[in-house]
Amino acid sequence: MMTVQDFWSLSPEISMALLALVVVAVDLVTRSMAKVSAIALVGLIAPLVLTLNLWFGWFGDPAAGPALFGTVEADRFSLFFNFLLITVTAGTVLASTRYIASDRMKDYGGEFVALVLFSVTGMMLLVSATELITIYVALELTALPVVALAAIHRTRQAVESGTKFFVLSAISSAILLYGFAYIYGFTGSTNLEVIMERLSVLPTQAGVPFGSYAVLLAVIMIVAGFGFKMAVVPFQMWVPDVYEGAPTPVAAFLSVASKSAAFAVVMRIMYTAFGEPGLMQDWSGLFAVLAAVSMTVGNLLAISQSNIKRLLGYSTIAQAGYILVGLASVPANQVGATFAGAGAQGALYYLAGYAFTNLAVFFAVIAITSRTGDDSIEGMNGLIKRSPLLASLLVFGLLSLLGMPPTVGFMAKVVVFGSALNANLAWLAVIGVVNTVIAAYYYLRVIRAIVFEDPADTSPIKGDVPVLVATCVAAVGAGVLGFAPFMVLEFAESALSILPG
Amino acid sequence: MFDGLLSITVFMPAAVAVLVALFARGEKADQQIRWIAIGATVVTFVLTVLIFVGYDRAEGGVQMVDYFERWIPVDALRSSYIMGVDGLSAPLVLLTGILGMAASFASWRIKTRVREYFLWLLLLETAVLGVFLSLDLLLFFIFFEFELIPMYMLIAIWGSGRPRYSAMKFVLFTLAGGALMLVGILALYVTPGVNTLAMVTIPELGITGIPELIAAADLVIPAALIFGFFFVAFAIKLPLWPVHSWLPDAHTDAPTAVSVMLAGVLLKMAGYGLLRINLGFFQETKGFTIHDVAGPMAILAAVSVIYGGIITVRQTDMKRLIAYSSVSHMGFVLLGIAAIGASKADTSAGGLNGAALQMFTHGTITGLAFLMVGLSYDRTHTRHIPHLGGLWKKMPLIAIFFLIAGFGSLGLPALSGFVAEIMVFLGTFSVWPWATGVAAFGVVLAAGYTLWMVQRVFFGARPANPGLSDEIYDGLEDASWVDMVPVIALAAPIFIIGVWPSVITEVFDIGIQAVLR
């Protein structure tokens, strides 16, 4: 029986799902895609306000606790990510206004928006879920709309992109389920907190990571399953192809929203179910290795790319590696005490900064390529002369991804590398710094094309107003987070304080 | 605590830069942008004067602090926003104000991409001011690195010769140093017992700085190594032989105003860093003190002075000549710092004060020299010394001020260069007589290359062929009033400090004494 409290706890998710249905309904009665976008944007205020309400308790006491028989919880951790996801969605919808009204999209424009909203509903549920089955269902709700979105152009390339995403997503879900099954078989529960309690009392084998091979195998499978969604090496194969084949707004959405949600759920599982001090050290090592490999492989492969979307695809893989550095940084001396996972705090800061920065970059690319129709890096030549505003925003975003002071990219990198040092992972920090230098090569190559090369076509590029607004807002957001790290870090601290461990 | 003046001063140019970015394109807008940028730098200059004059010498210490404690509130890297001025930074902030203003006036004749140019120039000023006023290591580092972006753009887009090559060389050298410095900063922070990034102690705010904490701490990596990281980063920037090779390229290819900023204040960030960090932090760490390496530092300084001097004599490009002379002159800064001596008893505060004053005077003198080269080049379109001659008759004002810069640079008494160098010599001679004795020959070399250049360019006969065509020579005009504003702004301090050095040294001494503790 659902109680009122359950409704309150799930109010952001429910309102988001309702909004998606409203969009589908509106799409039936109007041909104007501008109206659909406007309704979606205005409608997003509802989940946003409901999320903020649960955090600040505007309409009464926000004391939530587990809802729906302990399967979800609207705690500060999930609210932090809800806020981030809703913001990202608003940006995506805004940036795709003109795109969904274009000739080849106008028949599915409403579906496009609705699919994005359904996917976000899944993500919001995913970050709130505290139980394995719910996590799995939410994950599927997240992934399936994206398959349709990736293939929505129905060209050969788009269908290939969608199929690829579908197949790999299905495989990763299967692996994940297998991992969940092990955990359930071993502990007899799917609830994360119960799992932690049972794991702590089960007999352990000395010298085996996680105390037993079954748990080790389960953790590896879980990390592998989510590795696809986080797009970390070696589960990254789909990324460049899907980014290149899918519509750019979808790529932007995937690279930010999907990744954030995956990181959120991984953090929740790791800090809750495997939050025992001894276990934390074990998975910390696993993440450290993944981080090192992701950064290095992502950056090295990005160097040789000539297509800007593929380049950004590889760049997001490397960025996921940097975020993993934060996750891996579990200070040995602080485990077991009050939660002082500065590494996780840094990871949340990195995620927020990355979200805004990457959106700014992708939106700028949308604005440019939708006019020039040229995805290659040469297509960016002399952009500073053709559109100074878009060029500046894009350069700013790239510098931030590169980690140039004083951008948010730099601040976040310093914080995660600092936490790696703090957690005695100096080698990981060194690899991270070396990677920043490697990454400089390809980011600077794009910047050089924008600022110094002579354009083949000198006609000015006039970006669509909604995309420009979205780009500016994302860039300003990234700028503010760079100058005021405390804005995210304080919330991140509060968000993480609910996690045991 | 938030006084506000320092933060406003630092971010004012950047705020105006954002404003400038929003301007439309076109001739008319360009002219407005010039005036706005000049206005912004004049206001910044006034603010820096207020800071310098407002610094209470009787009280000393760190003043006008802007403090926001929870800037990066994570245990892994707790960083606060601390801006404050003390005796060491106050004169350098004033110097930045003067040179920033001079640079914007000197950019009057920039014709291409005016809006972007002034945007970067203003951001550059923010970066430099931020370096001098930040008292949190991470904040300091951010400003120290941020300066690269404007500099790269300014040299690469508006430079001459091989601008992109030179700009990239400049960036790579500085980035390499910056990476080492960042490692040093993190190593200091994660050391148990330090766990702070505050560069100074400010008792009123309960801030205990690294200098106080570092003595008792067991550093995670050897102190000598951390010292080395900072030293290399600053040696590249100063620049010292053998990591100076970016400087002649960057200077030669940069536009005039950027050369003025580069020589005038950017190199001073390194001298400031050496005094504040290398000297301030490493006097009594476990297993290492700066006294251990004072001797090698003196030798390195002497080599830089002499090597820089000899190379300078061989130059035929006026700008390159002045660029190399900077290597020689900045060597004196390190020589003065070496006066810290092999032990605490040996320390000569006079030498350290000389080093600080040398930074200020070199800023104005070399800034003036680059300005004059720029004015001359604008008219003759060549900097090749053998092609020039007899310019005195056509451009007497430019010649006179060039001569003033030259005399200042070779250390003519009654000009500021003399005071600074004599302080360095007197201070360091008692500590390192041999190195100082050798370095003193640098002054002889300076007299040689400076006078020889002035003689060849302005006096003497016009070379017959190849030289300036009659058409160009006859059309030469002297400096206009717009040109003279920055010239006067830079020449005035040279005379004032020459006869009244205590106006600056008094303040520097407060800072030096605080650093020495």
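Below, read A as the first sequence line, B as the second, and so on, with proteins coming before strands; counting in each chain starts at 1.
When all heavy atoms of B/Arg115 and B/Asp30 are compared, the pair lying nearest together is N-OD1, 4.4 Å.
Between the side chains of B/Asp136 and B/Ser134, no donor-acceptor pair is found at a separation under 3.5 Å. No hydrogens or angles considered: a donor-acceptor pair under 3.5 Å links the side chains of A/Thr296 and A/Asn435. Counted by atom type alone, A/Gln319 and A/Tyr350 present one or more donor-acceptor pairs between their side chains at under 3.5 Å.
A/Val451 touches chain B through backbone and side chain together, each having a heavy atom under 4.5 Å away. Heavy-atom distances place no part of A/Leu389 under 4.5 Å from chain B, backbone and side chain included. Using a 4.5 Å cut-off between heavy atoms, B/Ala21 makes no contact with chain A at all. For B/Leu148, the part lying near chain A is the side chain, with the backbone staying farther off; criterion is any non-hydrogen pair under 4.5 Å. A/Tyr349 does not touch chain B: none of its heavy atoms, backbone or side chain, sits under 4.5 Å away. Only the side chain of B/Leu138 comes within contact range of chain A, with heavy atoms under 4.5 Å apart. The contact between A/Met411 and chain B is made entirely by side chain atoms (from C-beta outward), counting heavy-atom distances below 4.5 Å.
When each of A/Gly418, A/Pro406, A/Ala429 is scored by its heavy-atom pairs under 4.5 Å with chain B, the top score falls to A/Pro406. Counting heavy-atom pairs closer than 4.5 Å to chain A, the top residue among B/Val183, B/Leu139, B/Ile157 is B/Ile157. Of all the listed residues (A/Val414, A/Val437, A/Val433), the one sharing the greatest number of non-hydrogen pairs under 4.5 Å with chain B is A/Val414.
Ring planes of A/Trp283 and A/Phe287: perpendicular class, angle over 60° (limits at 30 and 60°).
Looking at A/Asp454 and A/Lys385, a side-chain N of the basic residue comes within less than 4.0 Å of a carboxylate O on the acidic one, giving a salt bridge.
For B/Lys111, the NZ atom is densely surrounded, since the number of other residues' heavy atoms within 6.0 Å is greater than 12.
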